[in-house]
Amino acid sequence: MKKVVIFEFFTGNIAGAQKVTLNIIPMLKEKYNVVIYQRLNDTLYSNTVKKFGDTKKIPFESLFTKVFGTGRFESNKKTKMDKLYFILNVLFFNTFSLFHVIKEKPDYTYTYDPRGLVLSCLLLKLTRTKVVWHLHSKLSCSPKVAKIMMSFADEIIVPSENIKESLPLDNKVKVIYNGFDLKREIEKSPVSETLNLSFVGSLVAHKGLHNILLSLTAINHSNIKLHVYGSYAHSNPLLDYEEYINSLIVENSLQDKVIFHGWCSNVIPEIMKSDLLIFPSVINQTLSFKGESMKVNSSEALPTIVIEALSVETPVVAVNTPGISEIVVEKSDGIIINESEPTLIADAVNKILDNNDFYHPDSSLIINKFSLEEMQQHIYGTFK
């Protein structure tokens with residue numbers, strides 16, 4: 001039996017890319033001997049991956065978190081020590097992965113996103129393993145750097161045509177839509193006098209929760225409840241996002257309108273109860289708070305939560321980030337807006353309220369397009 005080695009450098013809650021990985025691992029285990037190297041932290045995602053068996057530890061967690069666990073790496077103000085720790089990460093973990101690939105002798109090595117590639121695959125051309133890189137978002141670098149990064153992979157999987165078009169032209173790039181088990185009985189809540197809006201995602205600036213909060217006073221409904229499903233990630237040194245959100249709630253008297261539910265491992269039943277899902281991910285904005293400014297950019301590719309909402313016939317208001325136009329294709333699915341702006345969000349919600357009978361997504365269309373079976377066929381075609 002052929003062997004696949006997976007290098008997993010993520011730990012934490014289960015977001016979109018992790019949901020995809022948790023579907024791909026059992027697919028590969030059906031046909032291959034799969035060995036997973038992961039950060040063995042006590043988190044929801046790490047513990048879920050451990051259940052697949054044959055997982056091995058990526059060591060020196062403290063070195064890793066010096067760069068990727070503080071938020072400094074995402075900021076523009078990197079110190080010399082930040083840059084040194086980054087170089088040490090790259091050198092150490094690539095040496096680690098090279099050693100274990102030589103030891104395991106896999107036919108394929110799989111990892112995802114820039115972090116996985118940069119930390120595990122830069123030296124694997126020295127071996128006979130075939131590197132499969134699953135890129136879940138656009139690369140925030142020049143085309144020249146992107147081409148260099150792509151040269152380290154033998155096959156590149158992207159989840160949308162939009163991401164493919166953003167990369168330098170290369171026959172190695174294949175579009176495979178993310179697949180999910182979306183078949184379930186749909187049970188909608190009875191009609192009520194409350195307008196229940198939902199936001200799902202990590203509570204970080206580029207996810208755009210602040211723009212929903214600023215839009216609430218312009219929505220034409222007397223009884224709004226915004227249900228927030230997510231938890232705050234690491235704090236960025238330039239701007240404390242949790243403090244910023246709390247200030248917006250107080251300044252706009254939203255205490256009775258916003259309900260924080262925390263992270264929810266199975267959020268689909270909650271979306272089912274909602275009248276509308278708002279996906280406000282920021283394309284390009286600058287946030288200012290307490291004299292500090294921070295540039296905010298989207299990191300989306302094919303937002304899982306929008307797929308899940310349409311699969312239970314909950315309409316959406318979604319910012320036109322990569323992949324959205326490939327998900328929200330029917331007019332009855334909801335409204336796509338050009339940027340995560342409060343006015344645009346409020347106008348879109350008001351339009352749906354005024355035409356409520358029209359906005360009813362057809363769940364069968366989204367379920368067929370983003371099925372596990374469809375993804376499985378294409379994944380096997382890549383690992384052949």
* To do: In sequence, state the C-alpha distance, the side-chain angles, and the governing distance for S231 and N13, and then conclude on side chain to side chain donor-acceptor pair (under 3.5 Å).
  => CA-CA 9 Å; S231 57; N13 288 316; 3.3 Å; yes
* Full working for side-chain contact (heavy atoms from CB on, under 4.5 Å) between L302 and F370 -> CA-CA 11 Å; L302 191 79; F370 299 101; 3.7 Å; yes
* For side-chain contact (heavy atoms from CB on, under 4.5 Å), just list the numbers for N252 and L216, CA-CA rounded to whole Å, side-chain angles, deciding distance to a tenth of an Å, and then say yes or no. => CA-CA 9 Å; N252 294 277; L216 292 181; over 6 Å; no
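Ion pair K164/E161 not flagged as a salt bridge, since none of the NZ, NE, NH1 or NH2 atoms sits closer than 4.0 Å to an Asp/Glu carboxylate oxygen.
The shortest distance between side-chain heavy atoms of H227 and K273 does not fall below 4.5 Å. Side-chain contact between V20 and F180: present, with at least one pair of heavy atoms (C-beta onward) separated by less than 4.5 Å. Using a 4.5 Å heavy-atom cutoff, the side chains of K331 and F358 are in contact. With contacts defined as side-chain heavy-atom distances shorter than 4.5 Å, the pair L119/S97 does not qualify.
When only modelled atom types and interatomic distance are considered, T11 and T43 share a side-chain donor-acceptor pair under 3.5 Å. The closest side-chain donor-acceptor pair between Y177 and H378, if any, does not fall under 3.5 angstrom. For the residue pair E300/S281, the side-chain donor-acceptor check at 3.5 Å is satisfied.
Heavy atoms only, all atoms of each residue included: L310 and P361 are closest at CD2-CG, 3.8 Å. When every heavy atom of P159 is checked against every heavy atom of N178, the shortest pair comes out as CB-OD1, 3.6 Å. Among all heavy-atom pairs drawn from Y37 and I58, the shortest one is O-CD1, 3.5 Å. Between N94 and L122, the shortest heavy-atom distance links the atoms OD1-N, 2.8 Å. Taking every heavy atom of both residues into account, G116 and S120 meet most closely at O-OG, 2.5 Å.
When the side chains of ILVMFWY residues are joined at heavy-atom separations under 4.5 Å, either directly or via intervening members, F99 and V131 end up in two distinct hydrophobic clusters. Residues I305 and L365 fall into different hydrophobic clusters, defined by Ile, Leu, Val, Met, Phe, Trp and Tyr side chains chained together at heavy-atom separations under 4.5 Å. In terms of hydrophobic clustering, with Ile, Leu, Val, Met, Phe, Trp and Tyr side chains grouped at heavy-atom distances under 4.5 Å, I283 and I278 are assigned to a common cluster. Hydrophobic clustering keeps M1 apart from I24 (ILVMFWY residues linked when any side-chain heavy atoms are closer than 4.5 Å, directly or through intermediates). Linking ILVMFWY residues whenever their side-chain heavy atoms come closer than 4.5 Å, directly or via other members, leaves F7 and L40 in distinct clusters.
Heavy atoms from other residues, nucleotides or ligands lying under 6.0 Å from CZ of R128 number 12 at most. Shown here is K351, whose NZ atom has no more than 12 heavy atoms of other residues, nucleotides or ligands within 6.0 Å.
In this structure, F64 and F9 have parallel ring planes: the angle between them is below the 30° cut-off, well short of the 60° mark. Using cut-offs of 30° and 60° on the angle between ring planes, the pair F96 and H100 is tilted. Using cut-offs of 30° and 60° for the angle between ring planes, the Y112 and Y110 rings count as tilted.
K225 places no side-chain N or O within donor-acceptor distance of the main-chain N or O of T194, the cut-off being under 3.5 Å. The backbone N or O of K3 sits less than 3.5 Å from a side-chain atom of D107, completing a donor-acceptor pair. No donor-acceptor pair closer than 3.5 Å links the side chain of S298 to the backbone N or O of T321. Looking at K147, its side chain never comes within 3.5 Å of a backbone N or O of P168 through a donor-acceptor pair.
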Side-chain donor/acceptor pairs under 3.5 Å, residues 29-36, sequence neighbours excluded:
from: K29; atom 1: NZ; to: F52; atom 2: O; distance (Å): 3.2
from: E30; atom 1: OE1; to: Y380; atom 2: OH; distance (Å): 3.3
from: Y32; atom 1: OH; to: F383; atom 2: O; distance (Å): 2.1

